[in-house]
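Data block below; observations after.
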Amino acid sequence: MNHWLLKSEPDSFSIDALAKSPKQTSAWDGVRNFQARNMLRDFIKKDDLAFFYHSSCDVPGIAGVVKIVKDGYPDKTAFDAKHHHYDPDSKTDAPRWYVVDVKLVRKFKRIITLDELRPHAAKALKDFVLLRRGNRLSVMPVTKKDWEFVLTLE
DNA sequence: GCCAACGTTGGC
DNA sequence: GCCAACGTTGGC
């Protein structure tokens with residue numbers, strides 16, 4: 001069982017939006033970066049856990065925990081010419097983009113903010129990809145050690 | 001296969 | 001709205 005961090009802009013999809021989704025479950029769609037795609041397609045597996053991270057917003061930070069409930073499968077939004085995430089290079093017989101399904105496990109009582117995480121970048125969280133300079137990955141692995149440390153901050 | 005130009009991300 | 005960082009594209 002592995003751990004991950006999934007970024008989302010709360011204006012487009014927040015942890016509250018997930019909480020209101022049917023069965024509190026949703027496809028994690030719209031990822032359009034190959035490195036992140038590879039993780040969705042090949043490495044993230046059912047029953048893995050992930051942090052739900054809010055980016056590009058007033059208070060960037062980790063909002064809660066989700067569980068992967070379905071392995072990677074093709075991102076349908078890439079096939080829809082009217083969709084914001086349409087990609088003509090992704091074909092139904094050769095999909096370019098993938099999603100996993102996630103289910104809400106719990107929303108933290110408060111956001112564990114980026115500001116709170118940063119001071120630990122030198123030591124406790126030195127392997128945390130999120131805190132690496134210039135990091136832009138929207139899907140990233142989290143070590144068990146880092147996962148457990150972050151949970152102590154809540 | 002190199003690399004400049006361009007677009008996007010994401011914190012501030 | 002700015003801009004650093006970095007991924008992708010496309011000409012060569």
Side-chain angles (χ1 to χ4, degrees), chain A residues 2-21 26-44 48-66 68 71-102 104-143 145-147 149-154:
Chain A
N2 291 307
H3 300 87
W4 309 90
L5 181 143
L6 304 172
K7 277 188 198 170
S8 179
E9 301 188 13
D11 285 348
S12 48
F13 190 66
S14 67
I15 198 161
D16 289 330
L18 178 61
K20 286 179 201 142
S21 300
S26 171
W28 196 269
D29 60 25
V31 170
R32 297 292 180 267
N33 165 284
F34 290 106
Q35 218 182 329
R37 186 281 310 270
N38 292 346
M39 284 185 264
L40 292 175
R41 187 186 60 186
D42 303 328
F43 295 104
I44 302 186
D48 285 355
L49 294 173
F51 287 134
F52 193 127
Y53 181 84
H54 283 177
S55 67
S56 294
C57 57
D58 283 354
V59 187
I62 300 171
V65 174
V66 300
I68 311 306
D71 287 357
Y73 63 98
D75 186 341
K76 292 192 216 44
T77 66
F79 305 139
D80 178 357
K82 289 189 291 291
H83 198 282
H84 178 234
H85 294 303
Y86 176 57
D87 179 357
D89 292 334
S90 186
K91 314 289 186 193
T92 49
D93 59 348
R96 182 184 244 208
W97 306 114
Y98 281 72
V99 302
V100 294
D101 285 354
V102 303
L104 183 65
V105 173
R106 74 189 176 92
K107 179 184 167 182
F108 292 155
K109 289 186 195 72
R110 58 181 197 86
I111 304 263
I112 300 174
T113 67
L114 185 59
D115 282 349
E116 289 174 76
L117 295 167
R118 256 194 223 295
H120 301 289
K123 205 171 169 194
L125 295 177
K126 65 176 157 42
D127 300 321
F128 202 13
V129 178
L130 181 75
L131 301 175
R132 280 197 203 138
R133 195 162 139 276
N135 143 72
R136 293 185 345 190
L137 256 192
S138 61
V139 177
M140 67 187 75
V142 178
T143 66
K145 186 170 73 65
D146 288 351
W147 178 272
F149 181 82
V150 168
L151 290 178
T152 66
L153 299 175
E154 191 189 355

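Numbers restart at 1 for each chain; the letters A, B, ... are given by sequence-line order, proteins then strands.
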Quick one: is [X] getting a side-chain N or O under 4.0 Å of the [N] phosphate, OP1 or OP2?
X        : N      : result
A/Tyr53  : B/dT9  : no
A/Lys7   : B/dG10 : yes
A/Arg118 : B/dC12 : yes

Quickly work out the [X] [atom1] to [N] [atom2] distance and round it to whole Å.
X        : N      : atom1 : atom2 : answer
A/Phe34  : B/dG7  : CZ    : C1'   : 14 Å
A/Asn135 : B/dC12 : CG    : P     : 12 Å
A/Leu117 : B/dG11 : CG    : C1'   : 14 Å
A/Asp89  : C/dT8  : CG    : C1'   : 12 Å
A/Leu137 : B/dT9  : CG    : C1'   : 11 Å
A/Leu5   : B/dT9  : CG    : P     : 16 Å
A/Asn33  : C/dA5  : CG    : P     : 18 Å
A/Met140 : B/dT9  : CE    : P     : 14 Å

For A/Ser90 and A/Arg32, test the side chains for any donor-to-acceptor distance below 3.5 angstrom and give the result as yes or no.
no

For A/Trp97, run the side chain to side chain donor-acceptor pair (under 3.5 Å) check against A/Asp75, A/Asn33, A/Asp87, A/Asp89 and tell me which one passes.
A/Asp87

Is the side chain of A/Ser26 donor-acceptor paired with the backbone N or O of A/Leu18 at a distance under 3.5 Å, no angle test?
no

Heavy atoms only, 4.0 Å cut-off, all strands: where does A/Arg32 land among base, sugar-phosphate and nothing?
nothing

Assess whether one donor atom and one acceptor atom, taken from the side chain of A/Arg136 and the base of B/dT8, lie less than 3.5 Å apart.
yes

Among the candidates C/dA5, C/dT8, B/dG10, find the nucleotide nearest to the side-chain atoms of A/Ser56.
B/dG10

For A/Gln35, I'd like to know if atom CD has over 12 heavy atoms of other residues, nucleotides or ligands within 6.0 Å.
no

Check whether any side-chain heavy atom of A/Ser138 lies under 4.5 Å from a side-chain heavy atom of A/Trp28, and answer yes or no.
no

